[in-house]
*Asks:* 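I have a structure here, written as structure tokens, and I will follow up with some questions on it.
Keep in mind that what you see is a predicted model, and the values were worked out from it rather than measured.
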2 protein chains.
Amino acid sequence: MQRIQMTQTYSQAFEDYLKVIHKLVRRAGRATTSEIARCLDVRPASVTGMLQKMAELEPPLVSYEKHQGAVLTEAGEVEALRVIRRHRLLELFLHEYLNYSWDEVHEEAERLEHVISDKLGARIAALLGDPDRDPHGHPIPSADLVLRPLTEFPLSQLPVGGWGIVRRVRDDEPAVLRYVGRLGLRPFAPIRLVSHVALDGTYHVLVLETGETVVLGTAVAEAIFVDHLSVPLMITNQSNAEDED
Amino acid sequence: MQRIQMTQTYSQAFEDYLKVIHKLVRRAGRATTSEIARCLDVRPASVTGMLQKMAELEPPLVSYEKHQGAVLTEAGEVEALRVIRRHRLLELFLHEYLNYSWDEVHEEAERLEHVISDKLGARIAALLGDPDRDPHGHPIPSADLVLRPLTEFPLSQLPVGGWGIVRRVRDDEPAVLRYVGRLGLRPFAPIRLVSHVALDGTYHVLVLETGETVVLGTAVAEAIFVDHLSVPLMITNQSNAEDED
DNA sequence: CCTATAATTTAGTCATACCTAAATTTAGAT
DNA sequence: ATCTAAATTTAGGTATGACTAAATTATAGG
Ligand SMILES: [Mn+2]
Ligand SMILES: [Mn+2]
Ligand SMILES: [Mn+2]
Ligand SMILES: [Mn+2]
């Protein structure tokens with residue numbers, strides 16, 4: 001009568017490694033030991049040990065050769081997307097139903113993502129109407145684990161004078177989110193990079209909705225991702241990437 | 001600027017031990033090694049090791065002497081009630097907002113109870129209107145961790161011919177919950193123990209709302225807890241205990 | 001090609017939380 | 001009071017997933 005657990009389940013640690021490797025592979029083609037260590041705040045020696053284990057599982061979650069870093073296998077990709085989907089659905093759920101602000105959702109989702117069942121994930125998705133963006137604008141993999149390709153790039157790479165539309169903001173620094181939110185730089189906000197002052201590394205950005213021009217440092221300008229907008233309020237596409245969460 | 005984490009946090013294993021010890025101490029005055037082992041489905045040797053650790057923490061969570069079993073300390077009682085509150089709030093939340101039936105909530109809550117923050121617990125409680133019963137009728141400790149004393153006793157102890165009102169049902173056996181629910185034996189259902197057939201251990205129970213008389217075996221009759229009802233639809237109190245979750 | 005530096009891996013520990021098998025203690029029955 | 005059966009503890013292991021220190025490998029400049 002009991003249905004067999006078809007879905008293999010992995011430890012919290014493996015799931016966090018998978019998410020980080022997924023992000024780094026997207027960004028750079030492969031995930032190096034030291035980058036993984038930095039992202040997870042563990043020592044590189046610990047990463048080596050974990051990569052060896054993940055590569056020797058049946059099926060292997062990563063393809064790994066000494067000194068060459070790791071990439072995800074098909075199985076690893078699937079698991080990574082499952083965790084990412086749970087994470088982003090949870091973020092949106094906490095935001096929409098439980099009064100969480102966008103700077104509070106990430107930390108809570110970071111723990112919940114490892115313990116919710118497929119059933120709960122599906123119920124949350126249904127309640128939210130099968131959404132495709134989390135509160136920071138990150139794309140949510142579909143139920144069949146397809147992740148929309150990213151076209152947006154850091155605000156800091158917008159040409160001076162160019163218009164853009166905010167697509168997403170890195171979600172792992174609550175203080176950045178609160179600051180950026182206060183400035184009106186939320187997903188779908190049209191902006192214009194008025195100028196870039198190279199000598200102090202600041203970006204002067206017009207926020208169309210408020211009419212204000214705000215001044216951003218490098219850290220913040222690299223945490224905000226935008227698409228080109230040829231004319232204000234007209235949305236276009238383009239390609240490039242780099243991300244968080 | 002960051003608030004220091006005032007609230008000590010314990011491992012999942014410790015939290016599950018605390019819940020079980022709390023239940024057993026309520027039931028029998030103390031929690032023995034083998035009872036704890038049975039409840040948690042681990043070996044008694046593992047329990048001894050955990051009790052030793054819990055007793056040596058600062059502050060200790062249990063008071064423990066070799067061969068004498070354990071009781072909760074003040075700190076242990078507080079932590080136990082915090083986990084129990086999270087568990088029962090989660091059960092009700094899953095039931096009310098996410099379409100979980102009463103036989104599905106326990107398993108999911110069993111994992112979530114260890115990872116939700118105080119903040120999330122408070123948001124859920126607020127959304128539910130600070131409830132005092134979970135879907136099985138179990139009392140939810142108040143925000144300041146007061147647990148209403150239990151007055152109900154197993155249906156099997158109702159005198160033959162006596163009226164009762166269902167107060168709660170053990171929640172750890174989904175099949176029992178589905179069965180009992182189908183019979184109409186849910187919290188607040190008035191019933192009457194029509195007869196007890198000693199020779200085959202069955203209980204014949206009139207369910208007032210349906211008008212049906214159902215026949216229960218010992219296992220089910222001991223999983224349903226009731227209060228006396230002097231006359232149908234008039235509620236009274238009484239004392240005794242024994243429980244689950 | 002050679003070397004200095006950075007990245008990575010290896011080796012050896014530690015803590016948590018479980019296990020089995022063997023030894024010990026307690027309690028109940030005579 | 002003694003013995004036996006049940007409960008409990010001790011001893012010795014396993015698997016995770018972290019760490020440090022030391023050894024090794026890769027890479028880039030000269
Ligand atoms: Mn996580
Ligand atoms: Mn996000
Ligand atoms: Mn639990
Ligand atoms: Mn319950």
Side-chain angles (χ1 to χ4, degrees), chain A residues 8-21 24-25 27-71 76 79-80 83 110-111 113-115, chain B residues 8-21 24-25 27-71 76 79-80 83 110-111 113-115:
Chain A
Q8 169 75 62
T9 141
Y10 297 97
S11 69
Q12 196 246 72
F14 277 3
E15 291 185 345
D16 284 335
Y17 274 85
L18 288 171
K19 281 201 309 178
V20 162
I21 294 166
L24 295 175
V25 170
R27 180 186 294 173
R30 68 197 182 102
T32 65
T33 302
S34 51
E35 274 295 298
I36 298 169
R38 223 185 319 281
C39 291
L40 290 173
D41 196 25
V42 298
R43 294 320 111 221
S46 307
V47 174
T48 298
M50 288 297 271
L51 290 179
Q52 289 168 346
K53 278 188 238 172
M54 290 196 284
E56 254 136 60
L57 285 179
E58 194 45 59
L61 294 174
V62 301
S63 156
Y64 165 70
E65 279 177 288
K66 277 192 193 186
H67 297 101
Q68 299 310 128
V71 296
E79 283 310 308
V83 187
E110 197 57 55
R111 282 171 288 112
E113 66 189 1
H114 308 293
V115 305
Chain B
Q8 170 75 62
T9 140
Y10 297 96
S11 69
Q12 197 246 72
F14 277 5
E15 291 185 345
D16 283 335
Y17 274 84
L18 288 171
K19 282 202 307 179
V20 162
I21 295 166
L24 295 176
V25 170
R27 179 187 293 173
R30 70 200 180 100
T32 65
T33 302
S34 51
E35 274 295 298
I36 296 169
R38 220 184 323 281
C39 291
L40 291 172
D41 195 27
V42 297
R43 296 320 111 221
S46 307
V47 174
T48 299
M50 288 297 271
L51 290 178
Q52 288 167 346
K53 278 187 239 170
M54 290 196 284
E56 253 136 60
L57 285 179
E58 194 47 58
L61 293 174
V62 300
S63 155
Y64 165 70
E65 279 177 289
K66 276 193 193 186
H67 301 280
Q68 299 310 127
V71 295
E79 282 311 308
V83 186
E110 198 57 55
R111 281 171 288 111
E113 66 189 0
H114 307 293
V115 304

*Asks:* Distance check: side-chain N/O of B:Ser46 vs OP1/OP2 of C:dC18, anything under 4.0 Å?
*Replies:*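 It does not, given that no N or O in the side chain of B:Ser46 lies less than 4.0 Å from OP1 or OP2 of C:dC18.
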*Asks:* Taking the minimum atom-to-atom distance to the side chain of A:Ala13, which one of C:dT9, D:dT8, D:dA18 wins?
*Replies:*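 Selected nucleotide (nearest to the side chain): D:dA18.
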*Asks:* Whole-Å distance between D:dT24 P and A:Glu65 CD?
*Replies:*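 Spelled out: CD on A:Glu65 to P on D:dT24 is 21 Å.
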*Asks:* Could you check if a side-chain atom of B:Val42 sits within less than 4.5 angstrom of a side-chain atom of B:Met50, using non-hydrogen atoms only?
*Replies:*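 No. Closest side-chain heavy atoms not under 4.5 Å.
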*Asks:* Between D:dC19 atom C1' and A:Asp41 atom CG, what is the distance in whole Å?
*Replies:*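 The answer, rounded to whole Å, is 13 Å.
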*Asks:* Between D:dT9, C:dT10, D:dT16, which nucleotide gets closest to the side-chain atoms of A:Ala45?
*Replies:*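 Nucleotide nearest to A:Ala45's side chain: C:dT10.
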*Asks:* Do B:Glu113 and B:Asp16 touch side chain to side chain, with heavy atoms closer than 4.5 Å?
*Replies:*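 Yes - at least one pair of side-chain heavy atoms lies under 4.5 Å apart.
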*Asks:* Write down the distance between CD1 (A:Ile36) and C1' (C:dT9), rounded to a whole number of angstrom.
*Replies:*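 Distance, rounded to whole Å: 14 Å.
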*Asks:* CG of B:Leu61 versus P of C:dT16: gap in Å, rounded?
*Replies:*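 In whole Å, C:dT16 P and B:Leu61 CG are 13 Å from each other.
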*Asks:* Expressed as a whole number of angstroms, how long is the span from A:Leu40:CG to D:dC19:P?
*Replies:*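 Computing the A:Leu40:CG to D:dC19:P distance gives 10 Å.
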*Asks:* Could you pull out the closest heavy-atom pair between A:Cys39 and A:Leu24, with the gap in Å?
*Replies:*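 It is SG-CD2, 4.2 Å.
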*Asks:* Does the side chain of B:Lys53 reach to within under 4.5 Å of the side chain of B:Phe14, using non-hydrogen atoms?
*Replies:*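 Side-chain contact under 4.5 Å: yes.
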*Asks:* Does a side-chain N or O from B:Thr48 land closer than 4.0 Å to OP1 or OP2 of D:dT10, or not?
*Replies:*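 Checking D:dT10 against B:Thr48, no side-chain N or O comes under 4.0 Å of OP1 or OP2.
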*Asks:* Measuring from the side chain of A:Met50 (C-beta onward, heavy atoms only), which nucleotide among C:dT9, D:dA18, C:dA17 has the closest atom?
*Replies:*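 Selected nucleotide: D:dA18.
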*Asks:* Side chain of B:Ser34 only, please: which of C:dT10, D:dT8, D:dT16 is the nearest?
*Replies:*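 Ranking C:dT10, D:dT8, D:dT16 by closest atom to the B:Ser34 side chain puts D:dT8 first.
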*Asks:* Would you mind checking if B:Arg30 and B:Glu65 are paired as a salt bridge, meaning a charged N to carboxylate O distance below 4.0 Å?
*Replies:*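 Salt bridge between B:Glu65 and B:Arg30, a charged N being under 4.0 Å from a carboxylate O: no.
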*Asks:* I want to verify a distance call: between C:dC19, C:dC18, D:dT9, whose nearest atom is closest to the B:Arg43 side chain?
*Replies:*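 Looking only at heavy atoms from C-beta outward on B:Arg43, the closest nucleotide is C:dC19.
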*Asks:* Atom NZ in A:Lys66, atom OH in A:Tyr64: separation rounded to 0.5 Å?
*Replies:*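 Going from the NZ atom of A:Lys66 to the OH atom of A:Tyr64 covers 8.0 Å.
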*Asks:* If you pin A:Val42 and A:Gln68 to their nearest nucleotides in DNA chain D, which one's is more 5'?
*Replies:*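 Looking at DNA chain D, the more 5' nearest nucleotide goes with A:Val42.
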*Asks:* Measure from the side chain of B:His67, starting at C-beta and using heavy atoms only, and say which of D:dA26, C:dA17, C:dT25 lies closest.
*Replies:*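 Minimum distance to the B:His67 side chain belongs to C:dT25.
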*Asks:* OP1, OP2 of C:dT10 versus side-chain N and O of A:Gln52: anything below 4.0 Å?
*Replies:*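 Yes, A:Gln52 has a side-chain N/O under 4.0 Å of OP1/OP2 on C:dT10.
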*Asks:* In whole angstroms, how far is the P atom of D:dA18 from the CG atom of A:Asp16?
*Replies:*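 Checked: the CG to P distance equals 9 Å.
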*Asks:* Within the structure, does a side-chain N or O atom of A:Ser11 lie under 4.0 Å from either OP1 or OP2 of D:dG17?
*Replies:*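 Yes.
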*Asks:* Measure from CD on A:Gln12 to P on C:dA17 and round the result to the nearest Å.
*Replies:*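 Spelled out: CD on A:Gln12 to P on C:dA17 is 14 Å.
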*Asks:* Please tell me if A:Lys66 has a side-chain N or O lying less than 4.0 Å from either OP1 or OP2 of D:dT24.
*Replies:*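 Answer is no, no contact under 4.0 Å.
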*Asks:* Quickly work out the B:Leu18 CG to C:dA17 C1' distance and round it to whole Å.
*Replies:*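 Interatomic distance, CG of B:Leu18 to C1' of C:dA17: 15 Å.
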*Asks:* Which nucleotide sits closest to the side chain of B:Tyr17: C:dT9, C:dC19, C:dC18?
*Replies:*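 The listed nucleotide nearest to B:Tyr17's side chain is C:dC18.
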*Asks:* So, does A:Thr32 get its side chain near the phosphate of C:dA7, meaning an N or O under 4.0 Å from OP1 or OP2?
*Replies:*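 A:Thr32 to C:dA7 OP1/OP2: no side-chain N or O under 4.0 Å.
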